[in-house]
Amino acid sequence: MDTKTTFKALTIAGSDSGGGAGIQADLKTFQELDVFGMSAITAITAQNTLGVDGVYPLSEEAVIKQIDAVSTDIGVDAIKTGMLFSSEIIEVVASKIKQYEWKNVVIDPVMIAKGGSRLLQEEAVKAIKEQLLPVSLVITPNIPEAEVLTDRTIRTLDDRKEAAKQLYDLGVKHVVIKGGHADSQNESVDLLYDGRVFDYFTRNRIDTQHTHGTGCTFAAAITAELAKGQSIPTAVGIAKDFIHAAIEDSLGIGNGHGPTNHWAYRRARGR
Ligand SMILES: Nc1ncnc2c1ncn2[C@@H]1O[C@H](COP(=O)(O)OP(=O)(O)OP(=O)(O)O)[C@@H](O)[C@H]1O
Ligand SMILES: Cc1ncc(CO)c(N)n1
């Protein structure tokens with residue numbers, strides 16, 4: 001008898017034509033971590049390592065149809081959201097999370113691309129806080145996103161801890177505030193808060209400009225591990241190792257902020 005179990009993850013996010021962030025980064029990461037990846041695309045971006053040259057959102061109907069198509073047939077063990085673009089799409093996603101009673105829900109609250117292009121409309125921040133956070137397991141903001149979501153300035157680790165508590169109070173069960181944008185020259189520390197204790201995931205800071213899609217890749221790795229049934233601290237620890245390997249062994253592609261290397265983690269394990 002075939003007893004093989006296939007773990008499945010769905011990403012609801014934008015397409016990055018450059019292949020380093022968005023849907024493309026998520027699917028590559030799921031694949032590298034032995035999880036079957038599926039996607040519901042919210043918007044198409046014309047994008048490369050130099051920046052975003054166009055954003056083309058899809059209709060709410062198109063997003064609903066994609067989510068329903070995979071959920072009613074294939075099934076989903078974990079979901080991740082990335083670029084959601086508008087309040088209308090956020091509302092659709094929140095209602096689908098409730099309808100399908102998804103528990104392993106990772107929200108990467110993507111707002112602005114490295115070159116400054118908006119991937120989330122300004123007024124949609126409220127919908128993330130009010131509709132998505134209460135139905136989510138984990139949120140993974142970078143420091144500027146955490147500042148917007150909490151309306152506070154984050155300079156010190158104590159500021160970050162206060163912001164994590166504030167986000168937790170909005171209903172999300174675990175908060176990871178990433179340290180890629182922190183001032184530290186030597187290390188990149190990610191903070192995890194579960195409503196009781198703070199946990200720290202620390203690796204040396206790599207001196208590189210090739211960090212396009214680090215946030216998407218990190219959150220996708222957490223999602224893949226949750227799909228397999230790992231605990232949150234274990235999933236975050238594996239995601240930290242995955243993104244560190246991907247940044248360290250970068251590909252040097254393009255003329256700007258290049259992508260990370262999604263196969264570096266697997267190669268380092270001799271697979
Ligand atoms: N230079 C670096 N060296 C080591 N780790 C890094 C570096 N930059 C980012 N990271 C790690 O990468 C992950 C993503 O963090 P970051 O704060 O850069 O996310 P982000 O800004 O959302 O990324 P993006 O918007 O490019 O997708 C975190 O685990 C962070 O600690
Ligand atoms: C489509 C897309 N999603 C997320 C990001 C953030 O890295 C990006 N640059 N593009």
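Order of listing sets the numbers, starting from 1, for every ligand and every atom in it. From a predicted model like this one, the values you see are computed outputs, not experimental measurements.
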What distance separates Ser71 OG from Trp102 CH2, expressed to the nearest 0.5 Å?
-> 4.0 Å

Provide the number and element of each atom of ligand 1 under 4.0 Å from a heavy atom of Lys240.
-> 29 (O), 30 (C), 31 (O)

Residue, atom and distance of the protein heavy atom nearest atom 27 (O) of ligand 1 read Gly215 N, 2.8 Å

State the atoms of ligand 1, each with its element, that fall below the 4.0 Å cut-off from a heavy-atom position in Gly213.
-> 26 (O), 27 (O)

Does even one non-hydrogen atom of Cys216 get within less than 4.0 Å of ligand 1?
-> yes

Is it possible for you to say whether Ile67 and Ile90 belong to one hydrophobic cluster, with membership spreading through side-chain heavy-atom contacts below 4.5 Å?
-> yes

Residue Thr211 vicinity, atoms of ligand 1 by number, heavy atom under 4.0 Å = 26 (O)

For ligand 2, what are the residues with a heavy-atom contact below 4.0 Å?
-> Gly14, Ser15, Ala21, Gly22, Gln47, Met83, Val110, Ala113, Leu119, His212, Cys216

Residue, atom and distance of the protein heavy atom nearest atom 20 (P) of ligand 1 read Asn142 ND2, 3.6 Å

Nearest to atom 22 (O) of ligand 1, what protein heavy atom do you find, and at what distance?
-> Lys178 NZ, 2.7 Å

Hey, is ligand 1 close enough to Gly180 that some N/O pair sits below 3.5 Å?
-> yes

d(Tyr56 OH, Phe85 CZ) to nearest 0.5 Å is 11.5 Å

Heavy-atom gap Asn204 to ligand 1 smaller than 4.0 Å | yes

Quick one: does Lys114 get within less than 4.0 Å of ligand 1, heavy atoms only?
-> yes

Report the part of Ile243 (side chain from C-beta onward, or backbone N, CA, C, O) that has a heavy atom under 4.0 Å from ligand 1; answer both or neither where that applies.
-> side chain

With Arg269 as the cation and Tyr265 as the aromatic partner, state whether NZ or CZ is under 6.0 Å from the six-membered ring centre and within 45° of the axis.
-> yes

Would Lys28 and Gln31 count as having a side-chain donor-acceptor pair, cut-off 3.5 Å?
-> no

Do Val92 and Val105 share a hydrophobic cluster (ILVMFWY, side-chain heavy atoms under 4.5 Å, transitive)?
-> yes

Will you find, in the side chains of Ser15 and Gln24, an N or O donor that is under 3.5 Å from an N or O acceptor?
-> yes

Under 4.0 Å from a heavy atom of Phe218: give me the atoms of ligand 1 that qualify, with their elements.
-> 29 (O)

Hey, is Asp190 touching ligand 1 through its side chain, its backbone, both or neither, going by heavy atoms under 4.0 Å?
-> side chain

Nearest protein heavy atom to atom 1 (N) of ligand 1, by residue and atom, and its distance?
-> Ile206 O, 2.9 Å

Positive for side chain to side chain donor-acceptor pair (under 3.5 Å) with His212, one of Thr260, Asp16, Thr49 | Asp16

Taking atom 5 (N) of ligand 1 as the point of reference, which of Ser184, Ala146, Gly179, Ser188 owns the nearest heavy atom?
-> Ser188

How close does the nearest protein non-hydrogen atom get to atom 18 (O) of ligand 1, and which residue and atom is it?
-> Thr214 OG1, 3.2 Å

Does a side chain donor of either Ser231 or Thr234 reach within less than 3.5 Å of an acceptor in the other side chain?
-> yes

Sequence neighbours excluded, which residues qualify as side chain to side chain donor-acceptor pair (under 3.5 Å) partners of Thr11?
-> Asp26

Between Glu32 and the options Arg266, Arg271, Arg267, the salt bridge (charged side-chain N to carboxylate O under 4.0 Å, His left out) test singles out Arg266

Would you say the side-chain atoms of His210 and Asn261 include a donor-acceptor pair closer than 3.5 Å?
-> no

Looking only at heavy atoms, is any part of Ile247 under 4.0 Å from ligand 1, and if so is it the side chain, the backbone, or both, or is it neither?
-> side chain

List in chain and number order the residues that pass side-chain contact (heavy atoms from CB on, under 4.5 Å) with Glu91, two or more places apart in sequence or in another chain; answer none if no residue qualifies.
-> Gln131

Tell me, please, which residues at least two apart from Gln166 pass side-chain contact (heavy atoms from CB on, under 4.5 Å).
-> Thr150, Arg152

Answer whether the closest heavy-atom distance between the side chains of Ile232 and Leu226 falls below 4.5 Å.
-> yes

Could you tell me whether some N/O pair between His181 and ligand 1 is separated by less than 3.5 angstrom?
-> yes

